[in-house]
*Asks:* 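Mind looking over this structure? Questions follow.
So that the names make sense, note that chain A is the first sequence line, chain B the second, and so on, each numbered from 1.
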There are 4 protein chains.
Amino acid sequence: MAKPKSNQKREQIFQAGLKLFAENGYTKTTIKDIAQEAGVSFGTVFTYYENKAALFRTCVTAPLREFKNHMHDAREEMPSMTLTTLKNLVKQHISFFMEREHYLRVIQYVIGQPERFSEIEALDEFADEFRHFIQDIMRTGMDKGFLPKSDPEEVSYGYLAFLMGMRLSFTDQAKAHQTSAFKNQALRLFGIQEVLQ
Amino acid sequence: MAKPKSNQKREQIFQAGLKLFAENGYTKTTIKDIAQEAGVSFGTVFTYYENKAALFRTCVTAPLREFKNHMHDAREEMPSMTLTTLKNLVKQHISFFMEREHYLRVIQYVIGQPERFSEIEALDEFADEFRHFIQDIMRTGMDKGFLPKSDPEEVSYGYLAFLMGMRLSFTDQAKAHQTSAFKNQALRLFGIQEVLQ
Amino acid sequence: MAKPKSNQKREQIFQAGLKLFAENGYTKTTIKDIAQEAGVSFGTVFTYYENKAALFRTCVTAPLREFKNHMHDAREEMPSMTLTTLKNLVKQHISFFMEREHYLRVIQYVIGQPERFSEIEALDEFADEFRHFIQDIMRTGMDKGFLPKSDPEEVSYGYLAFLMGMRLSFTDQAKAHQTSAFKNQALRLFGIQEVLQ
Amino acid sequence: MAKPKSNQKREQIFQAGLKLFAENGYTKTTIKDIAQEAGVSFGTVFTYYENKAALFRTCVTAPLREFKNHMHDAREEMPSMTLTTLKNLVKQHISFFMEREHYLRVIQYVIGQPERFSEIEALDEFADEFRHFIQDIMRTGMDKGFLPKSDPEEVSYGYLAFLMGMRLSFTDQAKAHQTSAFKNQALRLFGIQEVLQ
DNA sequence: AATGAATGAGTGTTCATTCAT
DNA sequence: AATGAATGAACACTCATTCAT
């Protein structure tokens with residue numbers, strides 16, 4: 001089954017799935033719920049996605065592309081990286097992880113049940129790529145002298161852990177915009193101490 | 001719930017529930033699975049827990065007590081805290097979060113679906129208590145001079161985020177014992193730079 | 001409930017429910033049994049009725065409408081009532097109560113367990129309406145002189161009791177067609193003595 | 001299993017069963033409920049009654065003995081029967097049927113589901129005996145001249161129908177004591193017209 | 001392409017019964 | 001005699017999937 005059909009409905013269903021899988025997990029989310037949220041009829045979901053598992057797979061893997069593009073772009077500009085560039089990068093990461101709430105939840109849902117979902121493989125591969133990306137940044141920063149000596153692997157693990165954990169360290173929406181607080185902490189992981197006034 | 005019954009079976013069922021809820025989530029885990037894992041018959045699960053939700057609630061909230069005890073003990077010894085004590089504390093935290101894999105997964109599962117599970121309240125309260133605990137440590141350390149000036153609230157959020165995220169930053173068991181790498185990163189969040197040889 | 005769906009299946013399920021609830025009571029009757037009796041699949045029952053209780057409610061209350069129509073029609077012709085008309089009416093009532101065996105059983109089942117089934121309210125209301133109907137007939141008959149003086153309320157209670165009890169006063173089908181015997185007795189409740197040859 | 005055991009507990013369980021079977025039917029009534037109502041422990045019910053069905057059978061059949069004794073006694077005094085004696089008898093019957101609410105409900109429950117409960121046989125036999133009893137009274141009364149000519153079989157059917165139906169002709173407890181109204185109606189079935197003042 | 005009625009496997013839960021204490 | 005923990009068959013109900021329209 002090719003996918004000429006309406007790309008708009010396809011997207012509506014995707015967004016509905018992302019939201020509901022994030023909020024209720026895989027099993028609790030029903031096709032009926034997704035159809036309703038997407039504003040399409042029950043059977044239409046099956047017109048665009050072969051089955052529930054296929055829709056879930058799409059929700060988990062499709063958004064990765066965007067972040068991969070980000071890494072690709074950032075790599076190209078790495079030779080001219082400065083401390084300021086790094087700070088901006090960290091800020092971008094934090095914003096990305098804080099804003100894509102639905103997507104991040106789905107990711108963590110899958111990582112939390114690795115034996116259950118085969119999608120874990122795509123996420124593993126992505127995490128690996130991201131850590132290597134960070135390690136390259138670390139080496140660049142240490143070479144250029146704007147980062148203190150650290151073990152790049154340690155930092156890459158710690159930084160990813162931190163990004164993944166941010167959204168789990170509080171639950172009330174009120175705190176959701178404290179990006180700057182997290183930014184200072186993230187920079188410390190790179191060995192950068194902000195000066196307190 | 002001071003039922004006479006067999007506390008051993010109660011515990012078996014609890015452990016089975018903890019494991020399976022962690023691995024498969026709430027809905028995917030069936031009572032039949034839990035009974036099998038616990039080595040009891042189907043109906044026996046209902047002899048010890050009113051229903052599936054009650055067993056889940058127990059799995060989420062009961063283990064909190066142990067960590068609350070830890071915080072209580074650590075508070076009593078806070079007046080005599082040194083940098084070494086703090087390092088040990090951090091090491092304990094990392095070990096705790098890395099070793100209680102099943103429990104941590106369940107926690108993150110609930111935090112990831114806060115609208116769905118009312119157990120989130122107990123976790124919110126606990127997170128609050130933990131952050132205050134860290135903030136008090138920060139103040140003590142800054143007073144005594146073995147911690148650099150930082151915003152205690154920022155650090156407490158960052159540190160909890162880091163602990164919560166550790167287990168989500170990799171998925172292969174092989175990496176699960178890199179406690180020391182994480183320890184260095186955690187100390188950086190407190191403003192402590194280890195000297196690299 | 002103006003669902004499009006197939007009204008034929010809806011009716012099949014209704015009839016199956018009426019029969020089985022009558023024969024086995026509410027709890028003993030299973031949805032599986034009803035589906036089988038109706039010649040539909042298990043899940044289809046739930047396509048037409050929200051749940052077992054809703055189907056039961058329909059079985060108890062829907063048939064009342066027909067008898068209410070009967071009373072409405074009879075009221076319109078009450079001004080021209082004669083002894084012969086009354087005799088015909090009584091005969092109709094007896095036939096109705098003797099022929100709708102399934103329905104009458106369900107009614108009596110509910111009346112026998114009034115605390116258990118909320119449907120009792122609709123039946124209460126109906127019984128009230130029926131007794132008032134009989135009382136109006138009594139008054140008409142006494143005014144016109146073809147009924148002897150009696151307490152209309154007493155008669156209405158006695159007559160309803162008699163109608164309800166007919167089907168309970170024997171159990172073998174053989175006796176089920178003795179309509180005429182019951183008719184004579186019913187007329188006596190109105191104060192009419194048939195002359196024995 | 002003989003039944004030396006405690007007759008008091010046996011009776012408590014019997015009464016509890018009678019009440020709950022009457023109120024909720026057979027399937028809805030649980031052994032646990034009965035034990036609770038009887039004030040004994042769960043397992044004790046099985047000490048006195050082999051199983052649920054055996055207890056139910058006892059509830060249905062045991063009380064018949066009392067009414068059979070009544071008929072036996074009344075038969076002995078039949079030769080000296082007068083209109084006044086008959087009126088008293090009718091009054092007794094009405095009182096009996098109105099007062100033994102739990103028992104009557106259970107009876108009607110069984111009669112309503114004759115294919116389901118084998119106890120129906122004992123009830124059939126009893127109804128037969130009762131109708132013959134009434135027929136003998138009719139003949140005595142007609143012989144002695146205090147009853148008008150009627151078909152004894154018709155009257156016996158009608159009278160039993162009336163007695164069985166009384167409790168089904170209203171549902172509110174308020175009306176439960178209108179014994180006298182029913183008495184007048186019952187006498188009409190025997191062909192006796194009370195004179196209205 | 002879009003729909004939703006039909007299906008039945010699979011779920012949580014109840015409860016009569018057994019039996020060791 | 002009295003108890004209640006253990007068991008698993010049986011139930012109401014949900015929901016992914018199919019398919020005729």
*Asks:* Taking only side-chain N and O atoms of T47(B), does any of them lie within less than 4.0 angstrom of OP1 or OP2 on dA5(F)?
*Replies:*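 It does not, given that no N or O in the side chain of T47(B) lies less than 4.0 Å from OP1 or OP2 of dA5(F).
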*Asks:* Can you tell me how far P of dT13(E) sits from CD1 of I34(B), to the nearest Å?
*Replies:*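 So the CD1-P distance, I34(B) to dT13(E), works out to 10 Å.
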*Asks:* Quick check on DNA chain F: between G43(B) and A53(A), whose nearest nucleotide comes earlier from the 5' end?
*Replies:*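 The residue mapped nearer the 5' terminus is G43(B).
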*Asks:* Run the side chain to side chain donor-acceptor pair (under 3.5 Å) check on T47(C) and T44(C) step by step: do they pass?
*Replies:* CA-CA 5 Å; T47(C) 303; T44(C) 300; 4.9 Å; no
*Asks:* For dA2(F) and Y48(D) - does any side-chain N or O of the residue sit under 4.0 Å from the phosphate oxygens OP1/OP2?
*Replies:*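 Affirmative; the distance criterion is met.
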*Asks:* With the side chain of I31(B) defined as its heavy atoms from C-beta on, choose the nearest nucleotide among dA16(F), dG12(E), dA16(E).
*Replies:*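 Output: dG12(E).
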*Asks:* Which nucleotide sits closest to the side chain of F46(B): dA16(E), dA16(F), dT14(E)?
*Replies:* dT14(E)
*Asks:* Indicate whether OP1 or OP2 belonging to dA2(F) is found under 4.0 Å from a side-chain N or O atom of K9(D).
*Replies:* yes
*Asks:* Atom CD of Q36(D) and atom P of dT3(F): how far apart are they, to the nearest Å?
*Replies:* 13 Å
*Asks:* Check whether Y26(B) forms a cation-pi arrangement with K52(B) (NZ or CZ under 6.0 Å from the six-membered ring centre, at most 45° off the ring normal).
*Replies:* yes
*Asks:* Rounded to whole angstroms, how far apart are NZ on K28(C) and C1' on dA16(E)?
*Replies:* 14 Å
*Asks:* When you match T29(B) and S41(A) each to their closest nucleotide on DNA chain E, which lands nearer the 5' end?
*Replies:*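 Whichever sits nearer the 5' end wins; that is S41(A).
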*Asks:* Does T44(D) make a side-chain N or O approach to OP1 or OP2 of dT3(F) shorter than 4.0 Å?
*Replies:* yes
*Asks:* If I take atom CZ in residue F56(D) and atom C1' in nucleotide dA16(E), what distance separates them, rounded to the nearest angstrom?
*Replies:*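 Taking CZ of F56(D) and C1' of dA16(E), I get 16 Å after rounding.
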*Asks:* On DNA chain E, nearest-nucleotide positions of E50(B) versus V40(C): which is more 5'?
*Replies:*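 Result: V40(C).
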*Asks:* Any strand counts, and the cut-off is 3.5 Å on both contacts for Watson-Crick or G-U wobble. Which nucleotide pairs with dT7(F)?
*Replies:* dA16(E)
*Asks:* Take atom NZ of K32(A) and atom P of dT3(E), then tell me their distance rounded to the nearest Å.
*Replies:* 16 Å
*Asks:* For the pair made of CG in L55(A) and P in dT17(F), what is the distance, rounded to whole Å?
*Replies:*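 Rounded to whole Å, this separation is 11 Å.
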*Asks:* Look through every strand shown and name the nucleotide pairing with dT21(F) as Watson-Crick or G-U wobble, where both distances are under 3.5 Å.
*Replies:* dA2(E)
*Asks:* When the distance from CD of Q8(C) to C1' of dA6(E) is rounded to whole Å, what number comes out?
*Replies:* 14 Å
*Asks:* Find the distance L20(C):CG to dA12(F):P and express it as a whole number of Å.
*Replies:*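 Between P of dA12(F) and CG of L20(C): 12 Å.
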*Asks:* Rounded to the nearest 0.5 Å, what's the gap from CD on Q12(C) to OH on Y48(C)? Could you check?
*Replies:* 9.0 Å
*Asks:* With a 4.0 Å cut-off, would you call R116(C) and E23(D) a salt bridge?
*Replies:*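 No, this pair does not count.
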*Asks:* As a test of reading the structure: which of dT13(E), dT17(F), dA16(E) is closest to the side chain of N51(B), going by heavy atoms?
*Replies:*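 Between dT13(E), dT17(F), dA16(E), the one nearest the side chain of N51(B) would be dT13(E).
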*Asks:* Taking the six-membered ring for Trp and the full ring for Phe, Tyr or His, determine whether the centres of Y49(A) and F56(A) are under 6.0 Å apart.
*Replies:* no
